[in-house]
Amino acid sequence: SGGEAITILAAGNVGIGTTSPNYLLDVEKSGANARIFNTAASTELFLQCASGYVSSINFGDASDNNAGRIIYREYDHAMTFTTNTSEAMFIDSSQRVGIGTTSPDLKLEVFEGYIKIGDSSNTGYGIQLERNSATVGFINTANNRINIQAQNSNDVELRDTSGSGLIVKDGGNIGIGTTAPAEKLTV
C-alpha cells in the first residue's frame with residue numbers, strides 16, 4: 001500500500017526497497033532475503049568477470065561492506081577467503097591450500113599455526129597415509145597415545161635425508177643405523 005516497490009534509474013540501476021540504487025541491482029529492506037529456487041532441477045549462480053580481473057562475494061554490515069570476502073582471481077585462477085579483513089585461506093590454481101600463506105608449496109600448508117585433529121570417543125582419529133590408493137599407515141591418538149602405525153606388514157621408519165635413523169620392523173624388531181635388525185634392538 002503506497003510507495004514504489006521497484007525503482008529503475010535512467011543509468012540502468014534497479015532498486016528494490018530503495019529509490020536510489022547504487023548498484024546495477026540494489027536490494028534494501030529490514031529482513032531482506034533472496035532465494036533462487038528451481039523446483040525441477042539444479043540451480044546455478046554465476047559471477048563472471050572480464051579477463052584479468054576478480055569476482056568476489058563480500059560480507060559485512062552498514063559500516064564495513066567487506067569484512068569477509070570470497071574472491072576468485074581470474075588472472076592467476078586462485079581463490080582467497082578473507083575474515084575480519086585479513087586473508088585467512090588461499091587456494092592456488094594447482095589446488096594447493098595455504099592457511100597463513102599465499103604461496104603454499106604442498107597440497108596443504110599451515111604457516112605459523114597448529115593443526116588440530118581430535119575426537120571424544122577414543123576412536124583415534126588422525127591422519128591416514130596412502131600410496132597408489134592403498135592405505136600404508138596411520139598417525140592417530142587412540143588410547144590417549146600418539147600412535148604411528150604401519151598397515152599390511154609394512155615397517156615404520158624415522159630417518160634423516162641420508163636414510164639413517166630408526167626402523168621398527170613388522171614383528172617388533174628395532175634397528176638404529178640399520179634397516180634389517182635381527183634382534184629386538186640392533187644398533
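Keep in mind that the numbers below use all heavy atoms, side chains included, and drop hydrogens, waters and symmetry copies.
Atoms OG and CD, on Ser164 and Glu157 in that order, are 11.0 Å from each other to the nearest 0.5 Å. Taking OG of Ser51 as the start and CD of Glu74 as the end, the distance is 4.0 Å to the nearest 0.5 Å. Atom CD1 in Ile176 sits 11.5 Å away from atom CD1 in Ile167 (nearest 0.5 Å). Annotation: the span from Asp170 atom CG to Gln151 atom CD amounts to 11.0 Å, rounded to 0.5 Å. The distance from the OG1 atom of Thr19 to the CD1 atom of Ile8 is 13.5 Å, given to the nearest 0.5 Å. In this structure, CD1 in Ile70 is found 9.5 Å from CG in Leu47, a value given to the nearest 0.5 Å.
Under the 4.5 Å side-chain heavy-atom criterion for Ile, Leu, Val, Met, Phe, Trp and Tyr, Val27 and Phe59 are members of distinct hydrophobic clusters. Met89 and Met79 end up in the same hydrophobic cluster when Ile, Leu, Val, Met, Phe, Trp and Tyr side chains are linked at under 4.5 Å. Hydrophobic cluster membership is shared by Ile6 and Leu25, with clusters built from Ile, Leu, Val, Met, Phe, Trp and Tyr side chains linked at under 4.5 angstrom. Residue Val54 is not grouped with residue Phe81 when hydrophobic side chains (ILVMFWY) are merged at heavy-atom distances under 4.5 angstrom, including chains of intermediate members. Residues Ile71 and Ile91 fall into different hydrophobic clusters, defined by Ile, Leu, Val, Met, Phe, Trp and Tyr side chains chained together at heavy-atom separations under 4.5 Å.
Of the possible donor and acceptor atoms, one in the side chain of Asn38 sits under 3.5 Å from a partner among the backbone N and O of Ala40. A donor-acceptor contact shorter than 3.5 Å is absent between the side chain of Thr178 and the backbone of Gly175. The closest donor-acceptor contact from the side chain of Ser56 to the backbone of Asn58 lies at 3.5 Å or more, if one exists at all. A donor-acceptor pair under 3.5 Å is absent between the side-chain atoms of Asn84 and the main chain of Ser86, judged by distance alone. Between the side chain of Asn140 and the main chain of Ala142, a donor-acceptor pair closer than 3.5 Å is present. Judged by distance alone, the side chain of Thr135 and the main-chain N or O of Gly137 form no donor-acceptor pair under 3.5 Å. A donor-acceptor pair under 3.5 Å is absent between the side-chain atoms of Lys29 and the main chain of Ile16, judged by distance alone.
Within the 4.5 Å cutoff, the side chain of Pro21 has heavy atoms near those of the Leu9 side chain. Asn147 is not listed as a side-chain neighbour of Thr141, based on a closest heavy-atom distance of 4.5 Å or more. For the pair Glu183/Asn173, no side-chain contact is recorded, criterion being any heavy-atom separation below 4.5 Å from C-beta on.
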message: Checking Glu109 against Arg96 for the side chain to side chain contact (heavy atoms under 4.5 Å, CB included) test, could you report, in this order, the C-alpha distance in whole Å, the side-chain angles of both residues, the deciding distance, and whether it holds?
response: CA-CA 8 Å; Glu109 183 174 334; Arg96 292 179 296 222; over 6 Å; no
query: Under the side chain to side chain contact (heavy atoms under 4.5 Å, CB included) criterion, do Val14 and Asp26 qualify, and how do the steps go?
result: CA-CA 6 Å; Val14 176; Asp26 197 343; over 6 Å; no
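Between Leu166 and Val168, the closest heavy-atom pair is CD2-CG2, 3.9 Å. Closest approach of Thr83 to Ala88, counting heavy atoms only: OG1-CB, 3.8 Å. The minimum heavy-atom distance linking Thr102 with Glu87 is given by the pair CG2-OE2, 2.6 Å. Gln149 approaches Val156 most closely through the heavy-atom pair C-CG2, 4.3 Å. Here the shortest heavy-atom pairing between Asn154 and Ala150 reads O-CB, 3.1 Å. Here the closest non-hydrogen pair linking Thr80 and Phe90 is CG2-CD1, 3.6 Å.
No more than 12 heavy atoms of other residues, nucleotides or ligands sit less than 6.0 Å from atom CZ of Phe111. More than 12 heavy atoms of other residues, nucleotides or ligands sit less than 6.0 Å from atom CG of Leu108. In this structure, Tyr125 places its OH atom where only 12 or fewer heavy-atom neighbours from other residues, nucleotides or ligands lie under 6.0 Å away. Within 6.0 Å of CD in Glu130 there are more than 12 heavy atoms belonging to other residues, nucleotides or ligands. Surrounding OH of Tyr53 are at most 12 heavy atoms belonging to other residues, nucleotides or ligands under 6.0 Å away.
For the residue pair Ser162 and Asp160, a side-chain donor N or O sits within less than 3.5 Å of a side-chain acceptor on the partner.
Asp61 is linked by a salt bridge (Lys or Arg N to Asp or Glu O under 4.0 Å) to nothing, counting only residues two or more places apart in sequence or in another chain.
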